[in-house]
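As the structure is a prediction and not an experimental result, all values here were calculated from the model. Numbering of ligands and ligand atoms starts at 1, following listing order.
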Amino acid sequence: MPARAEERKSGAGRVDIEPVLGFLRCRTPDAWIESALTDLDTLLLDHASLELKAAQQAQKLIRNYGLVRRPARDAREAAFRRRLVNRMSRLAREELRHFEQVVALIERRGKRLVAIEPARYAAGLHAIARRSEPGALVDSLVIGAVIEARSCERFFSLLAPLERADSEIADFYASLLRSEARHFGDYLALAEAADSGAWKSRVDLFLECDSRLVESDGPAIRFLSGPGPASGRG
Ligand SMILES: [Fe+2]
Ligand SMILES: [Fe+2]
């Protein structure tokens, strides 16, 4: 335990990511890390797209649940809306800043920004989400927490191998850990505030789905994919 804690503290630049690692059911498979290191340009292109989507998702939550025509029913609902608008507005700004940073990194590597086929990960989580309220809101927030936690864990898992392979990306990912760990907490707190009863069972469901998706082979390596085609590994 002391050695593990030491690794986490030094690797994460004194960011406490224990809550994130304790939340997830599994760590990123070594096979994914090996595949990712062989195609960092694709990883960065997918990462750019994910940062943009994270900003869009936060704005969608504000639009659907914060800035709506129907007046709040009571003080509790008004407080929830205010909290959601504040947290998601800040989060969206931070994600757009991350997007700009990834784009700059891609260009410094002599590559051009281009859209690539996304992983099945986010679609896999959204496929089991409820469509009607109040379940749809709770599920959107829980999915946000799971995606932020997994992203944070991926940055952390890549730190040590990247320090040997590409120190510029390693430094950048170390800088992202703090905000992604906070985003995870923001989403989880909002999910609890939205539904103090059933949210935990939804967390269990989406974490099972997350484990399945990150441990199974995907069609190609992506930032939030499984380890990629099995045939490509020895
Ligand atoms: Fe981000
Ligand atoms: Fe984030």
Side-chain angles (χ1 to χ4, degrees), residues 11-13 15-24 28 36 40 42-66 83-108 113 115-116 118-119 121-126 129 137 139-159 162 166 168-194 203 206-207 210 213-214 222-225:
V15 176
D16 181 14
I17 67 157
E18 288 295 337
V20 169
L21 300 182
F23 175 74
L24 294 168
T28 286
L40 292 172
T42 296
L43 197 73
L44 287 171
L45 286 174
D46 191 48
H47 181 182
S49 173
L50 290 175
E51 296 289 4
L52 185 63
K53 277 186 203 150
Q56 290 170 328
Q57 184 61 22
Q59 291 175 75
K60 189 173 160 193
L61 284 167
I62 293 173
R63 176 55 68 188
N64 289 349
Y65 301 103
R83 191 171 171 194
L84 181 137
V85 168
N86 288 343
R87 298 285 174 98
M88 290 298 108
S89 177
R90 179 180 175 179
L91 187 145
R93 274 186 283 126
E94 290 180 347
E95 304 295 20
L96 277 180
R97 177 70 189 130
H98 297 166
F99 172 70
E100 292 165 12
Q101 289 174 303
V102 185
V103 171
L105 185 52
I106 289 168
E107 289 175 348
R108 276 203 299 281
L113 186 64
I116 58 173
Y121 178 83
L125 293 175
H126 284 285
L137 166 62
D139 285 3
S140 291
L141 294 168
V142 171
I143 288 173
V146 171
I147 292 176
E148 293 288 347
R150 180 55 68 190
S151 302
C152 190
E153 188 270 343
R154 287 260 146 125
F155 292 135
F156 179 71
S157 297
L158 282 167
L159 279 188
L162 271 178
D166 191 310
E168 187 179 22
I169 303 181
D171 289 347
F172 176 47
Y173 281 4
S175 77
L176 293 180
L177 277 176
R178 187 181 302 280
S179 51
E180 306 303 3
R182 192 180 64 252
H183 295 169
F184 153 70
D186 284 346
Y187 270 117
L188 212 54
L190 283 169
E192 184 175 10
V203 167
F206 287 109
L207 282 179
D210 161 83
L213 290 165
V214 302
R222 293 290 185 266
F223 191 82
L224 291 175
S225 70

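- A 4.5 Å side-chain heavy-atom check between R154 and L43 finds every atom pair outside the cut-off.
- A salt bridge links R150 with E153: the distance from a Lys NZ or Arg NE/NH1/NH2 to an Asp or Glu carboxylate oxygen falls below 4.0 Å.
- Side-chain atoms of N64 and L137, non-hydrogen and from C-beta on, never get closer than 4.5 Å to each other.
- Within the protein, the N, O or S atoms lying under 2.8 Å from the Fe ion (ligand 2) are E95 OE2, E148 OE1, E148 OE2, E180 OE1, H183 ND1.
- Checked by atom type, the side-chain pair H183/S151 shows no donor-acceptor distance below 3.5 Å.
- Using a 30° and 60° split on the angle between ring planes, F155 and F223 fall in the tilted class, from 30° to 60°.
- Summarising the geometry, atom CD belonging to E148 is positioned 8.5 Å from atom CG belonging to D186; distances are rounded to the nearest 0.5 Å.
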